[in-house]
Amino acid sequence: MNLQDYQGVFVFVQQVDHKITGVSYELLGKGKELAADLGTEVTAVLLGYQVEDLCPKLARYGADKIILVDNEALEPYTTEPYAHAMYSVIEKYKPAVVLYGATAIGRDLAPRVSARVHTGLTADCTKLEIDPDTKNLKMTRPAFGGNIMATILCPEHRPQMATVRPGVMQKIKPIDGAEAPVEKYDPGFEKNNKYVEVLDVVKKVSDKIDIQDAKILVSGGRGMGCPENFKLLRDLADVLGGEVSASRACVDAGWAEKDVQVGQTGKTVRPNLYIACGISGAIQHLAGMEDSDVIIAINKDENAPIFEVADYGIVGDVTKILPLFTEKLKEELA
Ligand code: FAD
């Protein structure tokens, strides 16, 4: 393999029901930085059916070029046609780097593409940077239960591929009026025995806001004591106009739903305000919230590690402090 044949940073753009998934914009932001360090461009790879009108949005979020594969076989998402399309794009355009969101779709697609193009894949990266000497991509992710951060290289194969969880990278401020050339590519789709037919899609209806979109999170840990005390978190969140999230200990205990878990095996959040209540601050929890703008921690143990990342700390019993905090805020905000 001649590594020099592979140039440019590609981002797989995920769209579902004609809506681009947020992580794709975040990856374009990161891709732009990596491309600048490599002296190259970031290309968005958009797959779907009748999705051409989404291209201007990708330009606004940093794409220098767009490769569009528009075909009936790509609606809705199924593994084989998407894997075939991405594989074909890589074979034709030979990118040096390809990034995918670590969503259900990205986690299904990226390993299959990596096997087909005979390259490696680093899953769930928290940091991506270019080695200034070798120009290799340094892909960093937690390893051994989050106790170490491992930096992984793919020096002998191309492309270098990584998945990144939603919320880890930051999208750029949209550039009004930005334009990017769109190149249409048809890899040809022939049904084979790996094709599946989607007979029905049953959508879960939820009135809950995704904690990754919340500006304020009131988060509960094992120190809340019992599931009933989660009402104290909800009361405070309601006064502040925020949402309730939780540590894994609470999710494992059945006190909170998995989709509100913050951390390495939950969601990565970056709210304006994160209030950690009865959370010790294990490294796997911090991995999901330490980039919040302002962190307030309430814990009865003054040596709890959460205080090391907190901007403001309150030492005391959370079940006593929370009602007082909520009442005071109600008065102040009335
Ligand atoms: P604890 O660690 O038990 O802490 C409870 C805290 O509450 C203590 O600091 C205590 O002083 C305080 N407290 C007790 N009573 C009160 C009171 N009345 N008032 C005030 N404070 C009180 N964890 C996550 O959260 N998210 C993840 O995604 C995640 N992924 C993981 C992945 C792996 C591979 C592994 C090995 C672990 C993962 N964990 C994760 C688990 C993590 O290591 C911790 O076990 C977990 O975060 C602890 O949750 P906690 O802080 O709620 O509970």
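Treat the numbers as computed from the prediction; the structure is a model and nothing was measured.
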Peer 1: Under a 4.5 Å cut-off applied to non-hydrogen side-chain atoms, are Lys135 and Thr40 in contact?
Peer 2: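 Lys135 vs Thr40: side chains apart.
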
Peer 1: Any chance the side chains of Asn229 and Thr319 put a donor and an acceptor closer than 3.5 Å?
Peer 2: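 Looking only at side-chain atoms, Thr319 and Asn229 do not form any donor-acceptor pair under 3.5 Å.
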
Peer 1: What is the minimum heavy-atom distance between Leu232 and Pro323, and which atoms define it?
Peer 2: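 Result for this residue pair: CD2-CG, 4.0 Å.
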
Peer 1: Between Tyr6 and Pro95, what is the shortest heavy-atom contact and its length?
Peer 2: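 Heavy atoms only, the tightest pair is CD2-O, 3.2 Å.
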
Peer 1: Output yes when Lys267 and Asp259 qualify as a salt bridge under the 4.0 Å nitrogen-oxygen rule, no when they do not.
Peer 2: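 No, this pair does not count.
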
Peer 1: Which pair of heavy atoms, one from Pro166 and one from Thr268, lies closest together, and at what distance?
Peer 2: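 Shortest heavy-atom contact: O-CB, 3.7 Å.
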
Peer 1: Any non-hydrogen side-chain atom of Ile130 less than 4.5 Å from a side-chain atom of Leu137?
Peer 2: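 Touching, per the 4.5 Å side-chain cut-off.
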
Peer 1: Are Thr119 and Ser114 close enough that a side-chain donor and a side-chain acceptor fall under 3.5 Å?
Peer 2: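 There is no such pair between these side chains.
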
Peer 1: Tell me the closest heavy-atom pair linking Lys94 and Asp5, and the distance in Å.
Peer 2: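 Result for this residue pair: CB-O, 3.6 Å.
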
Peer 1: For a quick check under 3.5 Å, do Asp108 and Tyr82 share a side-chain donor-acceptor pair by atom type?
Peer 2: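 Side chains of Asp108 and Tyr82: no pair found under 3.5 Å.
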
Peer 1: Is the shortest side-chain heavy-atom distance between His18 and Asp53 below 4.5 Å?
Peer 2: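 A side-chain contact under 4.5 Å exists here.
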
Peer 1: Between Phe10 and Tyr93, what is the ring plane arrangement, given parallel below 30°, perpendicular above 60°, and tilted in between?
Peer 2: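 Rings of Phe10 and Tyr93: tilted, as their planes differ by 30° to 60°.
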
Peer 1: Can you tell whether the side chains of Glu33 and Lys127 come within less than 4.0 Å, N to carboxylate O?
Peer 2: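 No, no charged N to carboxylate O under 4.0 Å.
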
Peer 1: Is Met139 linked to Val23 within one hydrophobic cluster, defined over Ile, Leu, Val, Met, Phe, Trp and Tyr using a side-chain heavy-atom separation of less than 4.5 Å?
Peer 2: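 Same cluster: Met139 reaches Val23 through Ile, Leu, Val, Met, Phe, Trp or Tyr contacts under 4.5 Å.
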
Peer 1: Arg222 and Ser247: which non-hydrogen atoms are nearest, and at how many Å?
Peer 2: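 Nearest pair, atom of Arg222 first, then Ser247: N-OG, 4.2 Å.
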
Peer 1: Quick one: does Pro155's side chain get under 4.5 Å of Thr134's, heavy atoms only?
Peer 2: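 Heavy-atom side-chain distance check fails, nothing below 4.5 Å.
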
Peer 1: Could you see if Val13 belongs to whatever hydrophobic cluster contains Ile105? Use Ile, Leu, Val, Met, Phe, Trp, Tyr and a side-chain cutoff under 4.5 Å.
Peer 2: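 No: no chain of side-chain contacts under 4.5 Å links Val13 to Ile105.
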
Peer 1: Would you say the side chains of Thr265 and Arg248 form a donor-acceptor pair under 3.5 Å?
Peer 2: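 Short answer, yes.
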
Peer 1: What verdict does the side chain to side chain contact (heavy atoms under 4.5 Å, CB included) test give for Leu99 and Leu128, after you've listed the backbone C-alpha separation in whole Å, the side-chain angles of each residue and the deciding distance to 0.1 Å?
Peer 2: CA-CA 10 Å; Leu99 307 179; Leu128 294 170; 3.8 Å; yes

Peer 1: Side-chain contact, heavy-atom cut-off 4.5 Å: Lys184 with Asp70?
Peer 2: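 Contact flag for Lys184/Asp70 side chains = no.
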
Peer 1: Spell out, yes or no, whether Leu273 and Val262 are grouped together once hydrophobic residues are joined by side-chain heavy atoms under 4.5 Å, including indirect joins.
Peer 2: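 Unlinked, Leu273 and Val262 end up in two clusters.
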
Peer 1: When you compare the side chain of Lys65 with that of Glu183, does any pair of heavy atoms fall below 4.5 Å?
Peer 2: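 Side chain of Glu183 against side chain of Lys65, heavy atoms only: no contact under 4.5 Å found.
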
Peer 1: Going through the distances and angles, do Asp293 and Asn272 end up as a side chain to side chain donor-acceptor pair (under 3.5 Å)?
Peer 2: CA-CA 5 Å; Asp293 292 345; Asn272 299 140; 2.9 Å; yes

Peer 1: Kindly determine whether Lys138 and Leu153 satisfy side chain to side chain contact (heavy atoms under 4.5 Å, CB included), including the steps that lead there.
Peer 2: CA-CA 6 Å; Lys138 291 163 77 180; Leu153 299 173; 3.7 Å; yes

Peer 1: I want to check something: taking the side chain as every heavy atom from C-beta on, are Val318 and Met224 in contact at a cut-off of under 4.5 Å?
Peer 2: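 Counting from C-beta outward, Val318 and Met224 do come under 4.5 Å.
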
Peer 1: Val98 versus Met86: any side-chain heavy-atom pair under 4.5 Å?
Peer 2: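 Yes, side chains in contact.
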
Peer 1: Report the C-alpha separation of Glu80 and Thr78 in whole Å, then their side-chain angles, then the decisive distance to 0.1 Å, and conclude whether the side chain to side chain contact (heavy atoms under 4.5 Å, CB included) test is met.
Peer 2: CA-CA 6 Å; Glu80 178 56 26; Thr78 51; 5.8 Å; no

Peer 1: Could you check Ile172, Ile175, Asp176 and say which one makes a side-chain contact (heavy atoms from CB on, under 4.5 Å) with Arg60?
Peer 2: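 Answer to the side-chain contact (heavy atoms from CB on, under 4.5 Å) test with Arg60 among Ile172, Ile175, Asp176: Asp176.
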
Peer 1: Locate the shortest heavy-atom distance separating Val16 from Thr21; write the atom from each residue and the value.
Peer 2: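 Between these two residues, the closest heavy atoms are CG2-OG1, 4.4 Å.
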
Peer 1: So, applying side-chain contact (heavy atoms from CB on, under 4.5 Å) with Tyr274, which one of Ile279, Val309, Ile216 is it?
Peer 2: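 Going through Ile279, Val309, Ile216 one by one, the side-chain contact (heavy atoms from CB on, under 4.5 Å) with Tyr274 is satisfied by Ile279 alone.
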
Peer 1: Is it possible for you to say whether Ile283 and Met289 belong to one hydrophobic cluster, with membership spreading through side-chain heavy-atom contacts below 4.5 Å?
Peer 2: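 Different hydrophobic clusters.
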
Peer 1: Is Val164 reachable from Phe12 through a run of I, L, V, M, F, W or Y residues, each pair having side-chain heavy atoms under 4.5 Å apart?
Peer 2: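 The answer is no; the residues belong to distinct hydrophobic clusters.
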
